[in-house]
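Taking it in order: structure first as structure tokens, then the write-up.
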Amino acid sequence: MEICRDSNVCGGCAYQGVPYEEQLSNKAGEVKGLLEKKSIRYGRLLDIEPAPKRYGYRNKMEYTFGDMEKDGPMTLGMHRKKHFMSIVTVDQCQLVHDDFNKILRAVLDFCTERGYSHYHKKTHKGLMRHLIIRRGVRSGELLVNVVTSSEPGFDEEAFVAAVRGLSLENSVVGVLRTINDRLADAVYCDELRVLYGRDYYMEEILGLKFKVSAFSFFQTNVEAVENLYSYATGLIDDLEDKTVFDLYCGTGTITQTLAKRAGMAIGIELVEEAVEAARANAALNGLDNCRFIAGDVFETLKCVDERPDVIVVDPPRVGISPDALDKIISYGVDQIVYISCNPKSLADNLYYLQYYGYRVESVKPFDNFPGTKHTEAVALLKRV
């Protein structure tokens with residue numbers, strides 16, 4: 001594929017024009033370098049797993065309304081490299097299905113033709129704020145969510161007609177409008193209006209069904225994450241009749257995958273909405289041997305009576321706090337599987353676990369986000 005038209009200005013892809021083998025080599029080298037810098041003793045550092053697809057893999061995009069230069073024509077897309085106030089219209093993005101590009105262009109044209117204003121970060125005035133598009137890769141379902149301020153003048157009926165009138169490969173199952181009057185340049189939901197259809201789409205991962213609502217967290221690259229989860233759960237010795245803890249479980253994708261083989265799977269997650277989604281999805285999949293608890297991992301573990309036989313962790317980018325690590329170590333389980341979205345915090349946490357009696361058996365990097373600098377990794381630890 002040719003280098004993207006917007007590669008010089010868009011802040012989205014760092015690796016435009018870099019051969020894929022070189023991207024993989026750089027990412028694998030980063031993981032190796034961070035492990036060595038922290039003096040992590042590991043049994044094996046396995047080859048990096050390439051992504052199933054290099055293009056069109058993202059199932060969610062959050063675009064911003066703005067302009068490229070002060071008082072210029074309205075734009076809709078990503079923040080410009082090194083110019084945070086400028087927005088680049090990215091209607092030829094290679095990381096998304098082409099339906100996203102068509103919807104983006106149509107929404108921008110719709111707003112421009114009607115003379116709608118974009119929200120100004122400094123004056124805190126203006127109507128149009130963000131556009132969020134989400135797609136079910138397996139279901140072919142699209143959710144289109146336009147985020148505006150509460151200023152009057154937005155024609156909801158005409159907007160639905162414009163979106164539904166597009167010729168797309170996937171089908172639009174929901175058109176939403178989110179009202180956001182917060183000052184911060186982020187998407188908040190003061191009010192959610194369903195203008196057409198429903199406020200969720202369906203997805204399938206490893207044979208499990210997931211109902212993904214407008215604002216719930218969900219893995220961005222479905223096919224790549226299936227490879228990662230299959231590998232990670234396959235590292236665990238016989239799970240039958242065992243109790244497994246899935247910490248930082250999000251919407252419970254891994255918890256439910258584990259529940260298919262384990263005696264009991266318990267997922268813990270800070271975000272209440274994600275836990276509610278996890279419970280609903282477990283019911284959808286007929287799984288009655290998994291439980292979800294909302295709360296801080298360290299605080300919640302103090303109140304859980306069950307003791308785990310195995311622990312799986314999938315923490316946010318900052319990694320696991322020392323308090324939570326101490327609690328995890330105190331269980332003395334034979335195996336810990338660590339799924340990481342940040343090799344730096346992974347190395348920090350492995351150093352701590354290594355000091356307190358765990359050996360790093362293997363580390364395997366995964367490239368789930370081609371074209372960007374993000375690297376995932378899975379580490380298997382065994383108690384010495």
Side-chain angles (χ1 to χ4, degrees), residues 1-37 45-69 72-73 75-108 130-135 137 169-170 219-228 317 340-344 346 363-378:
M1 191 172 282
E2 292 178 7
I3 293 176
C4 174
R5 176 197 68 188
D6 303 313
S7 63
N8 293 329
V9 284
C10 174
C13 301
Y15 276 133
Q16 275 287 333
V18 176
Y20 191 52
E21 288 307 315
E22 193 179 322
Q23 291 185 39
L24 293 175
S25 173
N26 289 347
K27 293 183 181 194
E30 180 200 15
V31 174
K32 187 171 192 286
L34 287 164
L35 294 174
E36 288 174 355
K37 189 177 175 185
L45 179 59
L46 299 162
D47 290 342
I48 187 167
E49 182 79 16
K53 276 197 204 152
R54 286 180 54 195
Y55 302 103
Y57 61 80
R58 284 193 65 95
N59 62 9
K60 178 192 174 189
M61 286 297 278
E62 189 176 293
Y63 304 110
T64 303
F65 286 92
D67 50 28
M68 265 288 272
E69 51 280 317
T75 53
L76 174 58
M78 308 294 285
H79 290 278
R80 186 180 175 185
K81 271 183 200 170
K82 299 175 184 171
H83 296 272
F84 192 73
M85 296 298 282
S86 298
I87 301 297
V88 185
T89 296
V90 290
D91 58 349
Q92 292 186 18
C93 179
Q94 298 173 350
L95 299 192
V96 294
H97 188 284
D98 198 45
D99 282 355
F100 283 58
N101 296 325
K102 287 179 182 173
I103 294 167
L104 182 151
R105 173 44 62 189
V107 170
L108 180 56
H130 295 92
L131 173 70
I132 305 163
I133 305 173
R134 305 191 71 159
R135 171 179 171 246
V137 174
E169 193 179 309
N170 297 271
Q219 293 295 338
T220 316
N221 185 344
V222 166
E223 290 174 61
V225 92
E226 279 192 322
N227 290 347
L228 189 149
R317 290 191 63 77
S340 167
C341 61
N342 181 358
K344 187 179 183 306
L346 171 68
V363 179
K364 183 173 176 64
F366 282 76
D367 179 30
N368 287 11
F369 303 102
T372 77
K373 291 205 169 172
H374 292 296
T375 311
E376 314 262 313
V378 178

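Start at 1 with the first residue, then count along the sequence.
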Any side-chain heavy-atom pair of [X] and [Y] under 4.5 Å:
| X | Y | value |
| --- | --- | --- |
| Leu45 | Leu35 | yes |
| Glu30 | Thr375 | yes |
| Ser340 | Val378 | no |
| Val96 | Asn101 | yes |
| Val107 | Phe65 | yes |
| Ile132 | Met61 | no |
| Tyr20 | Tyr15 | no |

Point to revise | ring pair (Phe, Tyr, Trp, His ring centres under 6.0 Å) involving His130 - partner list, sequence neighbours excluded | key: none

Practice item. Evaluate the criterion side-chain contact (heavy atoms from CB on, under 4.5 Å) for residue pair Cys13 and Leu95; output intermediate values, then yes/no. Key: CA-CA 9 Å; Cys13 301; Leu95 299 192; 3.5 Å; yes

Do you know the tightest heavy-atom contact between [X] and [Y]?
| X | Y | value |
| --- | --- | --- |
| Val137 | Asn59 | CG2-CB, 4.2 Å |
| Ile133 | Leu104 | CD1-N, 4.5 Å |
| Glu62 | Met78 | O-SD, 4.4 Å |
| Val90 | Cys10 | CG1-SG, 4.0 Å |
| Gln94 | Glu2 | NE2-O, 2.6 Å |
| Ala51 | Asp367 | CB-O, 3.1 Å |

Flag, side chain of [X] to backbone of [Y], donor-acceptor distance under 3.5 Å:
| X | Y | value |
| --- | --- | --- |
| Ser86 | Glu69 | no |
| Thr75 | Ile87 | yes |
| Lys53 | Ala224 | no |
| Arg80 | Met85 | no |
| Gln23 | Gly371 | yes |

Should we count [atom1] of [X] as having more than 12 external heavy atoms under 6.0 Å?
| X | atom1 | answer |
| --- | --- | --- |
| Lys344 | NZ | no |
| His374 | NE2 | no |
| Lys32 | NZ | no |

Review point. Between the side chains of Asn170 and Asp99, does any donor sit under 3.5 Å from an acceptor?
Key: yes

Review point. Can you tell me if Tyr57 and Asn368 form a side-chain donor-acceptor pair at under 3.5 Å?
Key: no

To the nearest 0.5 Å, tell me how far [X] [atom1] sits from [Y] [atom2].
| X | Y | atom1 | atom2 | result |
| --- | --- | --- | --- | --- |
| Phe100 | Leu131 | CZ | CG | 9.5 Å |
| Lys81 | Asn8 | NZ | CG | 6.0 Å |
| Glu226 | Gln219 | CD | CD | 11.0 Å |

Check your understanding: Taking the six-membered ring of Phe366, is the NZ or CZ of Lys364 close enough (under 6.0 Å from the centre) and on axis enough (within 45°)?
Key -> yes

Check your understanding: Charged N to carboxylate O below 4.0 Å: is that the case for Asp91 and Arg5?
Key -> yes

Review point. Glu376 and Leu228: side-chain contact (heavy atoms from CB on, under 4.5 Å), yes or no, with the steps?
Key: CA-CA 9 Å; Glu376 314 262 313; Leu228 189 149; 3.9 Å; yes

**Study point:** Check against side-chain contact (heavy atoms from CB on, under 4.5 Å), Arg135 and Lys60
**Key:** CA-CA 6 Å; Arg135 171 179 171 246; Lys60 178 192 174 189; over 6 Å; no

